[in-house]
A.B. asks: 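Can you keep this structure in mind? I'll have questions shortly.
These values consider heavy atoms only, across backbone and side chains, with no hydrogens, waters or symmetry-generated copies.
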Amino acid sequence: MTTTQTKNPWRKLLWIKQDYPDNYVDSTFLEELQKNANLRSYDYWTVVMESGVISQHISSIVIFIAVFIYLYLDMLSAQILIIIGTIFTSIGYIFWDLSIFKTDPSYEYTRRKTAKGAIVFFATLLGLSPILKTLTKDTSSDTIWALTVILFLANMLFHDYGSGNRTNIKFPGSLSTNAAIFASVLLASRLPSNSHVFGLMSFAVEWFALFPIFRRYTKSLSANFNIALTCLLFLLATALFLHISKAIVILYISGITFITFCCPFWLIWIQKYKNEIHGPWDEARPKLQRTRLAAD
């Protein structure tokens with residue numbers, strides 16, 4: 001007489017003892033298989049327009065280096081640079097102020113606080129200009145140029161390209177800003193006079209700390225204005241470097257063309273090779289809900 005022992009149905013539970021090995025799976029295991037669940041379809045011209053953020057930042061770095069070379073070769077007056085920077089910064093702030101005041105009528109106090117902070121900051125920068133000028137007096141120029149290249153590469157790599165935040169700059173965006181300011185300090189230490197140092201450093205603060213905020217703001221306002229700004233920066237960088245090095249201009253145009261038009265096509269083309277698999281073997285991802293607890 002034989003007895004037949006029937007197994008209990010397998011259940012996907014680890015905390016109970018079952019009549020199956022630990023690596024057992026039943027026939028329904030692959031029913032939850034998902035391939036490329038998070039695959040995004042990209043439109044070419046949309047990606048081209050979004051790449052304008054990268055082109056704008058690269059153009060900004062090229063323009064700043066061209067301004068330094070003009071100051072270094074005495075092709076640009078420090079007073080003219082200070083006046084131009086002040087005028088365009090004032091225009092940008094007025095544009096920002098009017099748009100913010102429409103949505104926040106209580107902005108008047110912040111306006112006074114911002115103006116006071118700007119006056120104190122630039123007065124402090126003017127007083128520190130003689131110190132910045134002699135900061136790297138005992139350092140060779142080759143070392144300064146090499147460090148500047150490294151710092152601008154760090155600025156380019158760690159810049160916050162995808163942030164929609166208009167005002168606050170967080171890590172790693174702050175690392176990018178600090179790298180650009182430090183590179184500006186190194187370059188300013190090679191200029192001939194205190195006015196040149198103050199002109200370049202004030203321009204660096206306006207260009208690398210304030211101008212990215214303005215660029216993010218214009219991008220959120222209008223796509224057409226963002227495209228116009230990208231083209232304007234590209235033309236300005238090309239025009240400035242035409243009098244310095246035509247080889248660098250060719251390299252710059254080739255790089256911007258590759259980033260703006262070739263990289264989006266490359267991104268869309270490689271999507272067909274993406275093979276992402278999700279299933280019941282994935283780690284559980286807890287879904288947390290942020291709730292505000294009332295104060296006791």
A.B. asks: To the nearest 0.5 Å, what is the distance between CD1 on Ile82 and CE on Met201?
C.D. replies: 12.5 Å
A.B. asks: Let me confirm one number: the CG-CZ distance from Leu126 to Phe122, rounded to the nearest 0.5 Å.
C.D. replies: 11.0 Å
A.B. asks: Check whether any side-chain heavy atom of Ile65 sits under 4.5 Å from a side-chain heavy atom of Phe241, and report yes or no.
C.D. replies: yes
A.B. asks: Can you confirm whether Ser184 sits close enough to Phe203 that some side-chain heavy atom of one is under 4.5 Å from a side-chain heavy atom of the other?
C.D. replies: no
A.B. asks: Just do the side-chain contact (heavy atoms from CB on, under 4.5 Å) check on Val53 and Arg216 with the steps written out, would you?
C.D. replies: CA-CA 9 Å; Val53 179; Arg216 283 194 290 267; over 6 Å; no
A.B. asks: Provide the closest heavy-atom pair for Arg190 versus Ser141 in the form atom of the first, atom of the second, distance.
C.D. replies: NE-OG, 3.2 Å
A.B. asks: Do Phe208 and Ile61 make a side-chain contact, defined as non-hydrogen atoms from C-beta onward lying under 4.5 Å apart?
C.D. replies: yes
A.B. asks: Hydrophobic cluster membership, with links at side-chain heavy-atom distances under 4.5 Å among I/L/V/M/F/W/Y: are Val149 and Ile63 in one?
C.D. replies: no
A.B. asks: Out of curiosity, Phe258 CZ to Ser51 OG, how far, rounded to the nearest 0.5 Å?
C.D. replies: 11.5 Å
A.B. asks: What pair of heavy atoms forms the shortest contact from Tyr44 to Phe265, and how long is it?
C.D. replies: CE1-N, 3.6 Å
A.B. asks: Rounded at 0.5 Å granularity, tell me how far OG in Ser254 sits from CD1 in Ile259.
C.D. replies: 11.0 Å
A.B. asks: Indicate yes or no: at least one non-hydrogen side-chain atom of Phe95 is less than 4.5 angstrom from one of Leu221.
C.D. replies: yes
A.B. asks: Quick one: side chain to side chain donor-acceptor pair (under 3.5 Å) partners of Glu50, sequence neighbours excluded?
C.D. replies: Lys219
A.B. asks: On a heavy-atom basis, which atom in Glu206 and which in Thr86 lie closest, and how many Å separate them?
C.D. replies: OE2-N, 4.3 Å
A.B. asks: Applying side-chain contact (heavy atoms from CB on, under 4.5 Å) to Phe198 and Leu132, what does each step give before you reach the verdict?
C.D. replies: CA-CA 9 Å; Phe198 175 72; Leu132 297 177; over 6 Å; no
A.B. asks: Under a 4.5 Å cut-off applied to non-hydrogen side-chain atoms, are Leu187 and Trp145 in contact?
C.D. replies: yes
A.B. asks: Hey, any chance Phe64 and Ile84 share a hydrophobic cluster, counting ILVMFWY side chains that come within less than 4.5 Å of each other, even indirectly?
C.D. replies: yes
A.B. asks: Please check if the side chain of Ser222 supplies one atom and the backbone of Phe225 the other of a donor-acceptor pair under 3.5 Å.
C.D. replies: yes
A.B. asks: May I have the step-by-step check of side-chain contact (heavy atoms from CB on, under 4.5 Å) for His196 and Phe68, ending in yes or no?
C.D. replies: CA-CA 9 Å; His196 284 73; Phe68 164 75; over 6 Å; no
A.B. asks: Hey, could you give me the OG1/CD1 distance between Thr124 and Ile119, rounded to the nearest 0.5 Å?
C.D. replies: 11.5 Å
A.B. asks: Is Leu236 linked to Ile227 within one hydrophobic cluster, defined over Ile, Leu, Val, Met, Phe, Trp and Tyr using a side-chain heavy-atom separation of less than 4.5 Å?
C.D. replies: no
A.B. asks: Under 4.5 Å between side-chain heavy atoms, counting indirect links through other Ile/Leu/Val/Met/Phe/Trp/Tyr residues: same cluster for Leu73 and Val197 or not?
C.D. replies: yes
A.B. asks: So, for Ser176 and His57, which heavy atoms are closest and what is the spacing to 0.1 Å?
C.D. replies: OG-NE2, 4.5 Å
A.B. asks: Does any part of the side chain of Leu229, heavy atoms only, come nearer than 4.5 Å to the side chain of Gln56, both counted from C-beta?
C.D. replies: yes
A.B. asks: Do the side chains of Leu232 and Ile213 join up, straight or via other hydrophobic residues, at under 4.5 Å, putting them in one cluster?
C.D. replies: no
A.B. asks: Using the six-membered ring wherever Trp is involved, compare the ring planes of Phe211 and Trp207 and label them parallel, tilted or perpendicular (cut-offs 30° and 60°).
C.D. replies: parallel
A.B. asks: Please tell me if the side chains of Ser202 and Leu125 come closer than 4.5 Å, counting only heavy atoms from C-beta onward.
C.D. replies: yes
A.B. asks: Write down the atom of Leu76, the atom of Ile80, and the distance for their closest heavy-atom approach.
C.D. replies: CD1-CG2, 4.2 Å
A.B. asks: Looking only at non-hydrogen atoms, find the nearest pair between Ser195 and Ser193 and report the distance.
C.D. replies: OG-OG, 3.0 Å
A.B. asks: Determine whether Tyr252 and Ser59 make a side-chain contact, defined as any pair of heavy atoms from C-beta on separated by less than 4.5 Å.
C.D. replies: yes
A.B. asks: Would you please name every residue forming a side chain to side chain donor-acceptor pair (under 3.5 Å) with Thr46, sequence neighbours left out?
C.D. replies: Asp43
A.B. asks: Within the side chain of Tyr42, is there an N or O that forms a donor-acceptor pair under 3.5 Å with the backbone of Pro264?
C.D. replies: no
A.B. asks: Say you draw a straight line from CG of Leu242 to CD1 of Ile248; how long is it, rounded to the nearest 0.5 Å?
C.D. replies: 11.5 Å
